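These figures come from a predicted structure and were not determined experimentally. Reminder, nothing fancy here: chain letters follow the sequence lines and each chain counts from 1.
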Amino acid sequence: MLRYLTRRLGQAVLVVAGVVVLTFVIMRLVPGDPAVAYAGPRASPAELAAARAQFGLDDSLPVQLWKYVRDLAGGNWGVSLHTRQPVRDDLFQAFPASLELVGAALIIAIVVGIPLGVGAARFKGKFPDLSIRVSSMLAVSIPVFWLALALQTVFASGLGWFPVAGEYDSALDKTSPLHVYTNITAVDALITGNWPILLSALAHLVLPALVIAAYPAGVIAQMTRASLIEESARDHARLERALGFGETSVLTRFALRPALNPVLSLIALVFAYSIVNGFLVEAVFNWPGLGRYAADSIRSLDTPSIAGVTLLVAVLYVVANLAVDLIQGVIDPRMRAR
Amino acid sequence: MTVSASPEAPPVLRRTALRHLAGVDRLAMVGAVLLALIVLAALLAPLIAPYPDDGGSATHPLDALLPPSGAHWFGTDQVGRDVLSRVLYGARTSLLIAVAVLVISGVVGVVLGVVAGYAGGWVRDVIMRVTDVFLAFPALLLSLALAVVLQPSVTTVIVSIAVTWWPWYTRLTASVAASVSTRGFVDAARCLGVPAPVIAIRHVLPNSLTPVLVQLSLDGGGVILTAAALSYLGLGAHEPTSEWGLMVQQGQSLFTTDWWVVTFPGLAILVTAFAFNVLGEGLRARLAR
Amino acid sequence: MSEPVVLGAEAVTLAYGSTAVVHDVTLSVGEGGTGLIGESGSGKTTLARALLGLLRPRSGAVRYGPRGSDTADLASLDRKGWARFRGDVQPVFQDGSEALDPRMTVEASIGEALTTHHRMAGNARRERVTALLEDVGLEPALASRRPHQMSGGQRQRVAIARALAVEPRLLVLDEPTSALDVTVQARILDLLERLAGEHGLGYLLITHNLGVVDRLCRTSHVMFAGRVVESGPTTELLTRPAHPYTLALRDAVPRLGGEPPRPSGRTEAVPAETGCPFRLRCPLAVDACREEAPVARDLRGRMVACHRAEDVLAANEVPHAPRQ
Amino acid sequence: GGGKVRGAEDSPQPGTSLSAADATFTYVPNLDVVTDWDPASSYSNEIIAMENVYESLTRYNPQTKKAEPRLATSWTSTPDGKSWTFTLRSGVKFHTGKPLDAAAAKAAIERTIEVNQGAAYIWGAVDKIEAKDATTLVFTLKYPTALDLVASAGYASYIYDTTATTDDLNKWFNAGHDAGSGPYTIDSWQKGQETELTLKKFDDYWGGWSGQHYSKIAFRVTPELTTAWQLLQRGEVSFVQRLNSQLFAQASTTPSVQTSQTPSFQNLLALFNTQSGPLKDVRLRQAVQKAIDYDGLIAAIKGSGVAASGLVPGGLLGNTPGMTPKQDLPGAEALLKEAGYGPGGKQLDLTMTYAQGDSDQDLFVTLLTSALDKLNVKLTAKPLQWTTQWDQGKSKDESKRQDIFIMYWYPDYADAYSWFVNVFHSAEPISFNLSYLKDDAIDKEIDSLPELTAIDQPGAEKAYADLQNKIINEQAAVSALFVQNYQRAYAKSVEGYVDNPAYPNVVFVYDLKPGA
Amino acid sequence: MIKIRNLAVRIGDRVIASVPELDVTAGECVAIVGESGSGKTTTLLATLGLVEGAAVTGEITLGGVDVLGASPAELMSVRGSRAALVMQSPQAALNPTMRLGTLMRRALARHGVKGDEARRKAEDAVAAVLLDTAILRRYPHQVSGGQAQRFAIALALALGAEVVLADEPTSALDVTVQAEVVAVLRRLRDERGLAVLFVSHDLALVSTIADRVVVMKEGAVVESGTAADVFDRPRDAYTRELIAAVPRLPERPAETAATPPGEAGRTGEEET
Ligand SMILES: Nc1ncnc2c1ncn2[C@@H]1O[C@H](COP(=O)(O)OP(=O)(O)OP(=O)(O)O)[C@@H](O)[C@H]1O
Ligand SMILES: Nc1ncnc2c1ncn2[C@@H]1O[C@H](COP(=O)(O)OP(=O)(O)OP(=O)(O)O)[C@@H](O)[C@H]1O
Ligand SMILES: [Mg+2]
Ligand SMILES: [Mg+2]
């Protein structure tokens, strides 16, 4: 297990290094002179030169890359051109909200997707299976931005069940101020026992989280189903049936655990994917996350910010994968033996 | 003295993904039929679109935002174009993008994958690590970054999605090719003295293709969604090209007032992606058997 | 026929990744059949792959050449050398459906060998394919079939025909019949025996079926946990084993109408890491077996790696082996 | 305990409820509010907050078309228009607690002039400022100008406490501090948050808080128009800056919502690159001008704008009737043919930049690309954030500049001069003259405008007409596409709202009454 | 224990297994032999009511329960408690994510045995197949094939099964390990009267341990009878072919005199 882990860790580090290089390359491709953008339209030549020096644009490319890597490692992710704040601070500011949204979405997706997958596998070929397959495939096929508009129109402004937009009711800041630890509103409200804000945050979370959850719930259900069907056709499932266990027991108490492995890998994948999918949804729901920051960065050709967002999500992907490897080790003893 | 053939041939992988159609389930058939209809609609768009010019550069601002009616089944958009015609023409763009992305990334991915899988050793390690790096960028993210660098256009969409798409096929092909490479017939070919590149092309490649073909059909929906998302963000197709994502983006603020402008292109994306997904899933299930 | 050739392993150690699965094995294949037996996973296939030049030894060498001194290390062969080697040594693998490209017709599969080695094409090639198929007892009509359209026995015959197409001098047969039904097995073995005789081929026959080696091989090697533990004339080996593993193997094989096989000892143990790898299973193990790995030594016409080989031999002279 | 508390530091204790007097006015902008907090250089969207935090000497009244008292209670000028004396309101305090007197006002304006960014050019005529006494401020001008109008400008006209800090004032401002005298002061500012900014009442405001006023203003950034509309409909917000015409139509029939539509001083310009790229050829510029479907555009934007006649919107001196352009595709085709392009000729490739997220501009892009497509002209239109679009336009590398630049223009104070001096007067480096027009004769005529306006109105009128003919017809440097109508929607409970087009998008919240 | 009459398993119109008559009584060891695909496994699974995707007709009685007529609940209670299954590939037949003890505990609980009694039964059963109880704390990948097979038998014992249905229980094992598993089965048969119905294609093995033999070919029974009858007086041509194909070994010295090198195997040459 330890060796396996160190090897995976080594690979992860390599991938992150590659991600950094690739990000750097893309950044250099972006048209427009970041120094001009930063120094402002009326900058004097001297100010411009200073900006150029600050961005290290005078060095050769390898030197720039080296400095870039060094700065990243030192926690300096550059200064955003459009917010004029350090990119790292911007990301710290925006990321928790995105994490909150995607975290909630993934929880929904898992809580919904896995049981649906189990149900479909249980009734393979019958009506419940067919309807679950069709609906999960619809969930996977629906464009999120469109779903966001539809749900918002129907459930927020139409039926009025949920708030239209926002992260929580900011009027509550005055009546029950929130102490911030993690910057994730719902979590902070929960750990400080701030019920009004927690309720408000959860109510605001429902719709956007549902929208983002659609895709992962669909793929998780599909994968769970396929994996379970495969697992339940294995020899051990036959033995379990021969021991007198019913079909449902075989699926849920025996086959599910070994079947979860591919589902877990999938969750790591859809995690990063959902963050980016969230970019499309955050605008509709006014969610103050990475999505808006990324959109603004892209529309203002803000290279340091684009690089920062790209890097953050890519690193998250790598981390999520590592985490899944660990969980898989816990769930499946064969992994530990590797 | 001959040994008689066994009563039934063992279930081995057949030649192409298409052959799998014979055995896929009804749901997948629905997908195949839907997809065929969409392809047909795309091909025949100039003939079946009620206002073919509206699929291109015609505008009729005075007829803007007419609700669905006999004359305009799907209503008209902000500049008075027939939404049905644009949806039909949009199928061309979307399918063009899907096919181009899948072909480009499929070819690149499969070639690299076969090399990695068959060569093994450090060649495989290098290719797989590079692949991992690209995989770490969710398709939309890298496409976003790239689409900023390149001018927004259909070509940009194709290039930027393909850049993020190939690693999947490399990964898949590499693992299949690696396992194919350990199979007896590859060893046998090596023992016959067949040169390595010939083995890779003649034996490993054809035997590694089926899962990739299935994955390709499964991914058609993903490409269409990503392309739509890029266009939706203003980084993809642009006027006067008919593109579903672009149509949704432009009509977005009309969702509550003139629903048809957004709803029909959105449904078109949904149905097409659904068709791809259903078909691909059916093929995959068939392959797993 | 030209001068006889030998193919041999010299102190070969083989590994997958960092784990060695074959340790320091020496054996050679020449005229007549050579048997290689041993339990599943003991490294037989791995060794065969090394002998075929498909796997590079981690240490030691695979040597090949005319009988005598001027054999060459495979690692040092140039292109021409490889071509000659490939023309001389051909494999037949365990599973015919594995050994044939599922997408190729029989004609294409056999034809590939003909094209590669004899630059045959067109009609000449087709005729040769027909002849080869007849040679292995198949109807020429099968030429247009693909593997999945044939039975296991037919496939195995096609694989043999393909090997013969090269006109090799040595065959490496890795469990050529174990995937087949017993009735088919017998026919394939007959065929191999006949062909080897007709073409004057040397072969290495890998199997875990003692009956088969006994029938087809003059000398045999017994492997356990990646090591050759005993080698010598086959009949000698099977009638009077000198290694406890060979003995256990022989005694555990059920015989038609015979006694139920007797368990020999503690069978669940995995091979030992230190000392004699067999000692955890060995009913005769003594302290020495734990402390020191036995090296192969010559004992009454065979090589055996066991501290207690003499005792095994002695015990085996009487009807029932004593147990501890 | 522990943890940072979100929101303002002086929050009431948990559990206390809001009284009716604590009414909050929630403004929904569609872009981030603040990019620059420095009142000297601020020249962007933050005006919607700034005008409630800072005050200028005068304020323009669109009804009377005159400047009205604000910090200045009265003013006089000499007949030659070159000397202006303002009498300041006494007893006014900055939010810093210091008194606002003539010396402070002089210091503020002088700093703004010195910083010379944003709209600082408005003070271009000023030669000298003197603080005669605590309430008397005298300006000496280099040439005659309507300084009362200048002082009412939306940007660069703020009077602020230049002594607010001993450190770098600009840095201090941009950390989220203010030093204004207006009715509201910064409560909390969190860039990137949904509620980016909240303002709270300034207790010592000279106007007093005796009547009914909103005590807080929250700015809730909502990029999506439909989302904004739904928020308003649900009563969660008070005022939506921008809707599209469809939503506006829906709003005007929704009982819980009020609407207001006002013709603005803001028009949409398409600026053609006269210096580099294919449009260097005047025939091609004219062809593009003729390809634009002006009537179609007006129809498509459905009431959110009216046809433009020349560069100057109605209601301003310089507006010239009879200059409304018409689409002329055959004419465009003929011009293209002449230049070797058009159907059957070479394909002409043009690039265009415009502002992200403006549905009216989207419509224009759709119409123009479609029309040009028929003429074998391929237009690549790229939506960008304003600053990015602007930076590209200003690029020193001419090859990086666009062929067509789309932007709204409105005067910094109610005077047409701004269109000409900023947009069509040659300038180095490039600022807003994004058609890159460089014509000495035009420059000279523009330079004569302020004086003419101050002393010879008919002459000014003629000069404006002549200039517009030159710039639009002869040089084909620009097409004025339409004049915007401000379409606002706000909650029924908001009382007393009047749109003031001289201050685009600004709501003077102090003037409103929170209703039921 | 097992009584089969006129069993036919069909997929479409194809009969993949048909068995006119087959009985297994307590303490008896019955073997099904035949070529690959002849329907051996199918017959075995049909006995437990575990065939999927095929139509099963006829009459099967398992421990007194009519398998084809029983409700799912009845079937589930027969499985495990009266009849147990041992499968071909030892590790694959055990859930990879579960300790052997957990599987045992759950299986016992399924049939109503819990707590101390369950632990005692588990330990007894494990001991009865000559395994250390430590094995209960292992995962399948941590045990050898022979151990896994014996554990499968222990499962049957712990549940009190009277008959074990074994599908090529030793074909994946080394002959030395096979001997071990076979010995355990034989001992349990002798000591406890356990009935065994097993599938094999190793005729030699069958000949040494089976009381009765059923020979199948292409889905049909071609011959059945006592082991002695079938091996000594095969009536069917296919059976004869099977027997002839069994490779012969040089006999052990105790049984025959040493044969000269190279000649030993030729004694049993089949007639072709
Ligand atoms: N490609 C491989 N990578 C890693 N380990 C392998 C590989 N192939 C075989 N092994 C391991 O090497 C050892 C020897 O395997 P090998 O196939 O040579 O055994 P064998 O004697 O041929 O067995 P069998 O009788 O089952 O064919 C086994 O422990 C096996 O698990
Ligand atoms: N679920 C199924 N679907 C289709 N065909 C099946 C199914 N199960 C078994 N068969 C077919 O039924 C026949 C008998 O199969 P069975 O597994 O009983 O044979 P077997 O005698 O056990 O063979 P082996 O010795 O290879 O295990 C075979 O031809 C097999 O292909
Ligand atoms: Mg092997
Ligand atoms: Mg079977």
Between [atom1] on residue [X] and [atom2] on residue [Y], distance to nearest 0.5 Å:
{"X": "A:L239", "Y": "E:D167", "atom1": "CG", "atom2": "CG", "answer": "12.0 Å"}
{"X": "E:R106", "Y": "A:L243", "atom1": "CZ", "atom2": "CG", "answer": "12.0 Å"}
{"X": "A:S249", "Y": "E:R110", "atom1": "OG", "atom2": "CZ", "answer": "7.0 Å"}
{"X": "E:M98", "Y": "A:R253", "atom1": "CE", "atom2": "CZ", "answer": "7.5 Å"}
{"X": "A:R238", "Y": "E:L85", "atom1": "CZ", "atom2": "CG", "answer": "8.0 Å"}
{"X": "E:L103", "Y": "A:E240", "atom1": "CG", "atom2": "CD", "answer": "6.5 Å"}

Legend entry - Electrostatic pair E:E52-A:R241, nearest N-O below 4.0 angstrom: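 Salt bridge present between E:E52 and A:R241.
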For residues 119-136 of chain E, which side-chain N or O atoms pair as donor and acceptor with protein atoms under 3.5 Å away, sequence neighbours left out?
residue	atom	partner	partner atom	Å
E:R119	NH1	E:D116	OD1	3.4
E:R119	NH2	E:D116	OD1	3.4
E:D132	OD1	E:A134	N	2.8

Legend entry - Per-residue contact mode, A:E247 against chain E (heavy atom under 4.5 angstrom):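 Neither part.
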Legend entry - Under 4.5 Å from any heavy atom of chain A - which part of E:L94: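 For E:L94, heavy atoms of backbone and side chain both lie under 4.5 Å from chain A.
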Inset, instruction - Please flag which part of E:L165 lies under 4.5 Å from any non-hydrogen atom of chain A: side chain, backbone, both or neither. - result: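 It is neither, since no heavy atom gets under 4.5 Å.
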Inset, instruction - Might you confirm whether atom CZ of E:R5 has over 12 heavy atoms from other residues, nucleotides or ligands at distances under 6.0 Å? - result: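 Yes, the 6.0 Å shell around CZ holds more than 12 heavy atoms from other groups.
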Legend entry - Residues of residues 66-83 of chain E with any heavy atom under 4.5 Å of a heavy atom in chain A: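 Heavy-atom contacts from residues 66-83 of chain E to chain A are E:M76, E:R79, E:G80, E:A83.
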Inset, instruction - Can you sort out the partners of A:L116 under side-chain contact (heavy atoms from CB on, under 4.5 Å), two or more places apart, ordered by chain and number? - result: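 Result, side-chain contact (heavy atoms from CB on, under 4.5 Å) vs A:L116: A:V112, A:I132, A:A221.
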Taking only distance into account, with no hydrogens and no angle test, what donor-acceptor pairs under 3.5 Å do side-chain atoms of residues 53-65 of chain E form with protein atoms, sequence neighbours excluded?
residue	atom	partner	partner atom	Å
E:T57	OG1	E:A8	O	3.4
E:T57	OG1	E:R10	NH1	3.4

Legend entry - Minimal non-hydrogen separation, A:D235 against E:A92, with atom names: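 Heavy-atom minimum between the residues: CB-O, 3.5 Å.
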Inset, instruction - Would you mind telling me which of E:L48, E:L50, E:L155, E:L159 has the largest number of heavy-atom pairs within less than 4.5 Å of chain A? - result: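 So the answer, after comparing E:L48, E:L50, E:L155, E:L159, is E:L50.
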Legend entry - Within-4.5 Å side-chain heavy-atom neighbours: E:T97 and A:L260: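 Not in contact.
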